[in-house]
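Report on the structure given below.
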Amino acid sequence: MASFVVSYRPLLSPAPFLSSPSPSIRCVTQFKGWGGRGVLMLPLKCISKQTPDSETASPSSSSSSSSISAYNWCAGLGGLGFLETTYLTYVKLTNSDAFCPIGGGTCGDVLNSDYAAVFGVPLPLIGMAAYGLVTILGLQLAGKNMPFGIDETNGRLLLLGTTTSMFVASAYFLYILNTQFPGASCSYCLVSALLSFSLFFTSLKDFQFKEIQKTVLLQLCIGCLVVATLSTSYNTSLPGSTSLAEIDLEPFTVEITTQSSPFALSLARHLRSIGAKMYGAFWCSHCVEQKQMFGREAAKLLDYVECFPDGYRKEIKMAKACLDSGLEGFPTWVINGEVLSGEQELSELARISGFDFDGSSQT
């Protein structure tokens with residue numbers, strides 16, 4: 001009676017470095033019979049089975065790492081936006097003047113305009129809530145610890161929907177800035193727009209192409225809703241068109257009521273002697289306040305350049321001297337080649353111009 005013994009012998013590849021991770025196995029069958037022992041080589045290959053988990057482990061790990069990185073970026077950018085809007089909300093609620101490093105008075109004009117509120121709610125307050133939500137969602141998704149029983153999928157959709165609304169709103173506000181406030185500069189507006197755009201593309205990067213195709217309709221609906229809400233708010237709340245492009249102003253002068261101190265008089269003479277110039281516009285309230293710092297007598301000594309001597313209307317451009325100087329707002333000082341935007345303290349003007357009032361202090 002014949003007996004069979006089955007053994008398995010791996011096939012060696014002629015080039016080990018080209019062999020596959022799962023070696024092929026050839027079944028070798030030995031049998032014994034009355035006539036002796038024989039070896040039967042069966043042309044069978046046994047391939048080890050790969051589980052789905054092993055095939056997808058690496059892509060899943062990579063996707064998870066990418067997701068966490070995107071969420072952390074969203075949390076960081078949202079935190080920066082939250083700080084900016086918190087400061088602007090404080091300024092708005094306390095009726096203070098925001099510090100505008102670029103743009104001078106025009107920056108404050110934009111922040112205090114009728115467009116700085118939506119249905120009576122200050123725009124910085126809305127931005128603070130939006131940035132705060134993005135920051136919280138980013139941190140929760142990065143830690144995979146969503147509150148209120150929200151799963152990760154819905155959390156990602158909520159984050160994308162929020163950043164989409166912020167992206168559309170920022171684009172809308174940039175359009176208003178360019179059309180309703182030509183020539184104005186608002187550094188806070190530009191920073192907020194940059195943060196909103198970065199948040200949108202960062203959150204969108206976390207989605208695969210097929211997922212984006214499924215959510216594009218939702219994004220379009222959110223964008224249309226944001227535009228409709230903002231347009232309705234401004235059309236119903238604005239008493240009239242506040243577009244600077246539609247304003248027709250005849251030139252006028254504002255009387256300076258303060259008296260000049262000896263320090264202000266001496267400083268004004270010094271600034272004029274070194275060729276320092278102050279560029280402004282007759283309708284600029286910050287220019288008037290700057291002159292009030294000097295006082296009635298000293299303000300007349302300044303080398304003041306009016307950028308709109310023929311009035312302000314759509315077809316009138318700034319004076320050539322102002323255009324050549326590349327002004328970003330009013331007032332603007334040019335002292336010894338150095339450009340200073342916005343109102344300046346007299347002590348700062350004295351320091352920049354190298355003025356020494358015999359050691360006397362400003363009164």
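Below, all heavy atoms of this structure are taken into account, side chains as well, without hydrogens, waters or symmetry copies. Source: prediction; values computed, not measured. Start at 1 with the first residue, then count along the sequence.
Partners of Ser231 according to the side chain to side chain contact (heavy atoms under 4.5 Å, CB included) rule, which considers only residues two or more places apart in sequence or in another chain, are Tyr172, Val227, Asn235. Considering only residues two or more places apart in sequence or on other chains, Glu297 meets the salt bridge (Lys or Arg N to Asp or Glu O under 4.0 Å) condition with none of them. Partners of Phe197 according to the ring pair (Phe, Tyr, Trp, His ring centres under 6.0 Å) rule, which considers only residues two or more places apart in sequence or in another chain, are Phe167. Taking the disulfide (SG to SG under 2.5 Å) definition, one finds that Cys287 meets it with nothing, sequence neighbours left out. The disulfide (SG to SG under 2.5 Å) search around Cys74 returns none, not counting sequence neighbours. Contacts of Phe282 classified as ring pair (Phe, Tyr, Trp, His ring centres under 6.0 Å), with partners at least two apart in sequence or in another chain: Phe252. Among residues two or more places apart in sequence or in another chain, the side chain to side chain contact (heavy atoms under 4.5 Å, CB included) test is passed with Asp151 by Thr153, Asn154. By the side chain to side chain donor-acceptor pair (under 3.5 Å) test, Ser96 is found to be paired with Thr94, residues two or more places apart in sequence or in another chain being considered. Applying the salt bridge (Lys or Arg N to Asp or Glu O under 4.0 Å) rule to Lys320 yields the partners Asp324; only residues at least two apart in sequence or on another chain are considered.
Judged as a salt bridge (Lys or Arg N to Asp or Glu O under 4.0 Å), the pairs with a partner in residues 249-260 (not counting sequence neighbours) are, in order, Glu250-Arg313. For residues 265-290, the pairs satisfying salt bridge (Lys or Arg N to Asp or Glu O under 4.0 Å) are Lys277-Asp303, with sequence neighbours left out.
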Side-chain atoms of residues 120-137: list all donor-acceptor pairs with protein atoms under 3.5 Å, sequence neighbours left out, distances to 0.1 Å.
| from | atom 1 | to | atom 2 | distance (Å) |
| --- | --- | --- | --- | --- |
| Tyr131 | OH | Ser192 | O | 3.0 |
| Tyr131 | OH | Ser192 | OG | 3.1 |
| Tyr131 | OH | Ser196 | OG | 3.2 |
| Thr135 | OG1 | Gly78 | O | 3.3 |
| Thr135 | OG1 | Gly79 | N | 3.1 |
| Thr135 | OG1 | Tyr131 | O | 2.8 |

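Salt bridge present: Glu348 and Arg351 bring a charged side-chain N and a carboxylate O closer than 4.0 Å.
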